Number of protein chains: 2
Amino acid sequence: MSTTGERRQGEERVLEGSADRVITFVRDLIDRGRLRPGDRLPAERDLASQIGVSRPSVRAALHALAAIGVVRSRHGSGTYIPDGPPALGSEPLSFLAALHGFTREEMYEARRILEVGAAGLAAERATPEQVATLADEVSGLFASLNDPQLFLVHDINFHRSVAAASANPIVASLVEMISGLYYERRRDTAARASDRDLRDAADMHRRIYQAIRARDVNAAKRAMEDHLMQAREYQSKEPADDAQPAGAAAPPPAARSGRPRRRQAAH
Amino acid sequence: MSTTGERRQGEERVLEGSADRVITFVRDLIDRGRLRPGDRLPAERDLASQIGVSRPSVRAALHALAAIGVVRSRHGSGTYIPDGPPALGSEPLSFLAALHGFTREEMYEARRILEVGAAGLAAERATPEQVATLADEVSGLFASLNDPQLFLVHDINFHRSVAAASANPIVASLVEMISGLYYERRRDTAARASDRDLRDAADMHRRIYQAIRARDVNAAKRAMEDHLMQAREYQSKEPADDAQPAGAAAPPPAARSGRPRRRQAAH
DNA sequence: GACATGAATTGGTCTAACCAATCATCAGCA
DNA sequence: TGCTGATGATTGGTTAGACCAATTCATGTC
């Protein structure tokens, strides 16, 4: 019907831009159940002709969808909807952090809120397999006390597993997002952690694991809370790699202060 | 220097795609502090020539950045970094919800975890102005008991204000993100709420407000928890607009069942 | 039957142009 | 003097057509 592209009439105003029409189209396929995780989207050329927009517009839209993790393109193969558990990329948070100068304190606080909640849910619902996974990660932590980088990997995996055991994909996605940001920052400084700190951290993880295994919700939450508080303390003692202020209400970094906050006139 | 575009040499392998180079370029500007909230990016044509890629590629990258909320384009004016408090769009979550069938229960659970934490922080740190804003929203709630749509607006604003009063931009962003998803779903069904439910909800909000004003952290958390639990109860009684299952571990909607979960072979 | 080969498919990129919204400038008028 | 409106430069929005590059798969040879 619109293959020749006569949109000159104007009797039916197009309220959306080309790229937005593509996104709406894809969203519609998803809502109608025609597109599910693991599926492949129509080829860019097909989308372009079906929707009646140019290929560059399709590409811009697909880049937008890829940015929020809805699709993933593979050269020569196609564009796919990622399979596996739902996941939110941490890039948005990373950009926000760079733009607004999030502090380490603030990050720990957010983690604390989310992960304490996740630990509580995990204590209620963790399956035997998930409990076993947690046990594996705890032993991994104790086995890598002398390898801070590897320790960090087990650390991340433990927290990821707790989030998964919460059986709430939204909470899990949020934890993943924050963890991604944390890992991004942490891998540069992980080597500075002292042996004693790693030992303490491993103990804390073990305590969390035991509480979850015992299905003790309050103990799990308390253990996670204590762990994150302690981790925050330890890392605030490590030499800071950057000028990140430590206080939540502390003044912003030097380069930021005194800026007259110019606003755009006609938003 | 590269206006004529001689990139045939190949002696310096480009490891990133064109769009990625643009994103890296912008990210670098941000990290160096040359680009801050409220600023305008170079014109697309300038970016293209500076980076050495074509304009469609720049556009694709800019669409990607716009999708995660890092930039915002205004036709005829330019592309800007949004000013104001840091914010995460709720589209990623919305797509994930559509793709994986998040339930209302799961959403309330995530809200509960985040907002109970936010309420606790708000009780510790809310400024007098923020407390006053909360008071305004509470009166707005009581004033709109007979207008469910307006009530919903005050409802959202109250929760948004609590998040802002947490003085943690990460937590606030996350709450905003979830709230956006909630609002998206809720506005269709808000009219079905009963008068009595609205009255109860307004009372709950008042209780939260009073606890925050009194700087009673535990009371604030408990009040928020009770409120969200109650809201969940009420809304599960309302006729469902869609086939959203109520249980966290409930089977997926009809259109989803029985699908053999075809996977892509060579990821 | 196993493996190399090449065509078809599909994403990745570019050039060159035009349309459309915005904005700053400046002439003209009150 | 001060305001208003026209106008051209700037900037995002979109298109068309072409070519490159990675992947896939059917084909044919050994």
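FYI, side chains are in, hydrogens and waters are out, and symmetry mates aren't considered; it's all heavy atoms of this structure. Note that the structure is a prediction, hence the values are computed from the model and not measured. Chain identifiers are assigned alphabetically (A, B, ...) following the order of the sequence lines, protein sequences preceding nucleic acid strands; residue numbering begins at 1 within each chain.
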Visitor: Tell me, please, which residues at least two apart from B/Gln149 pass side chain to side chain donor-acceptor pair (under 3.5 Å).
Guide: none

Visitor: Within this structure, what is the CZ-to-P distance between B/Arg74 and C/dC23, rounded to whole angstrom?
Guide: 6 Å

Visitor: Can a donor-acceptor pair under 3.5 Å be found between the side-chain atoms of A/Arg59 and the base atoms of C/dG11?
Guide: no

Visitor: Quick one: A/Ile23 CD1 to D/dG13 P, roughly how many Å, whole number?
Guide: 12 Å

Visitor: Would you tell me if any nitrogen or oxygen in the side chain of B/Ser18 comes within less than 4.0 Å of OP1 or OP2 on C/dT13?
Guide: yes

Visitor: Let me know the distance between CG of B/Asp20 and P of C/dG12, rounded to the nearest Å.
Guide: 10 Å

Visitor: Please tabulate, for side-chain N and O atoms in residues 59-72 of chain A, each donor-acceptor pair with protein atoms closer than 3.5 Å (sequence neighbours left out).
Guide:
| unit_1 | atom_1 | unit_2 | atom_2 | d |
| --- | --- | --- | --- | --- |
| A/Arg59 | NH1 | A/Glu44 | OE1 | 3.3 |
| A/Arg59 | NH1 | A/Glu44 | OE2 | 2.8 |
| A/His63 | ND1 | A/Arg59 | O | 3.1 |

Visitor: Could you note down all residue pairs passing ring pair (Phe, Tyr, Trp, His ring centres under 6.0 Å) where residues 154-180 of chain B supplies at least one of them, sequence neighbours left out?
Guide: B/Phe158-B/His205, B/His159-B/His205, B/His159-B/His227

Visitor: Nearest-Å distance, CD (B/Glu16) to C1' (D/dA21)?
Guide: 18 Å

Visitor: Taking atom CD1 of A/Ile113 and atom OH of A/Tyr108, what is their separation to the nearest 0.5 Å?
Guide: 15.0 Å

Visitor: What integer distance in Å separates B/Arg45:CZ from D/dT10:P?
Guide: 11 Å

Visitor: Think A/Arg55 has a side-chain N or O under 4.0 angstrom from the OP1 or OP2 of C/dT13?
Guide: no

Visitor: When the distance from CG of A/Asp46 to P of C/dT9 is rounded to whole Å, what number comes out?
Guide: 11 Å

Visitor: Could you pull out every donor-acceptor pair under 3.5 Å between side chains of residues 88-99 of chain B and any protein atom, sequence neighbours left out?
Guide:
| unit_1 | atom_1 | unit_2 | atom_2 | d |
| --- | --- | --- | --- | --- |
| B/Ser94 | OG | A/Arg27 | NH1 | 2.9 |
| B/Ser94 | OG | A/Arg27 | NH2 | 3.3 |
| B/Ser94 | OG | B/Glu184 | OE2 | 3.1 |

Visitor: So, is A/Ser57 close to the D/dT14 phosphate, meaning a side-chain N or O under 4.0 Å from OP1 or OP2?
Guide: no

Visitor: Can you tell me how far P of D/dG12 sits from CG of B/Leu41, to the nearest Å?
Guide: 9 Å

Visitor: Which residues pass the salt bridge (charged side-chain N to carboxylate O under 4.0 Å, His left out) test with B/Glu176, sequence neighbours left out?
Guide: B/Arg160

Visitor: Ignoring backbone atoms, test whether A/Ser54 places a side-chain nitrogen or oxygen under 4.0 Å from the OP1 or OP2 oxygen of D/dT15.
Guide: yes

Visitor: C/dG11, C/dA16, D/dT24: which one has an atom nearest the side-chain heavy atoms of A/Ser77?
Guide: D/dT24

Visitor: Between atom CG of A/Leu181 and atom CZ of A/Arg111, what is the distance when rounded to the nearest 0.5 Å?
Guide: 10.5 Å

Visitor: Go through residues 63-72 of chain A and report each residue with a non-hydrogen atom lying under 4.0 Å from DNA chain D, sorted by number.
Guide: none

Visitor: Any idea which of D/dA22, D/dG13, D/dT11 is nearest the B/Glu44 side chain?
Guide: D/dG13

Visitor: Return the value, rounded to whole Å, for the distance between atom CD1 of A/Ile51 and atom P of D/dT15.
Guide: 11 Å

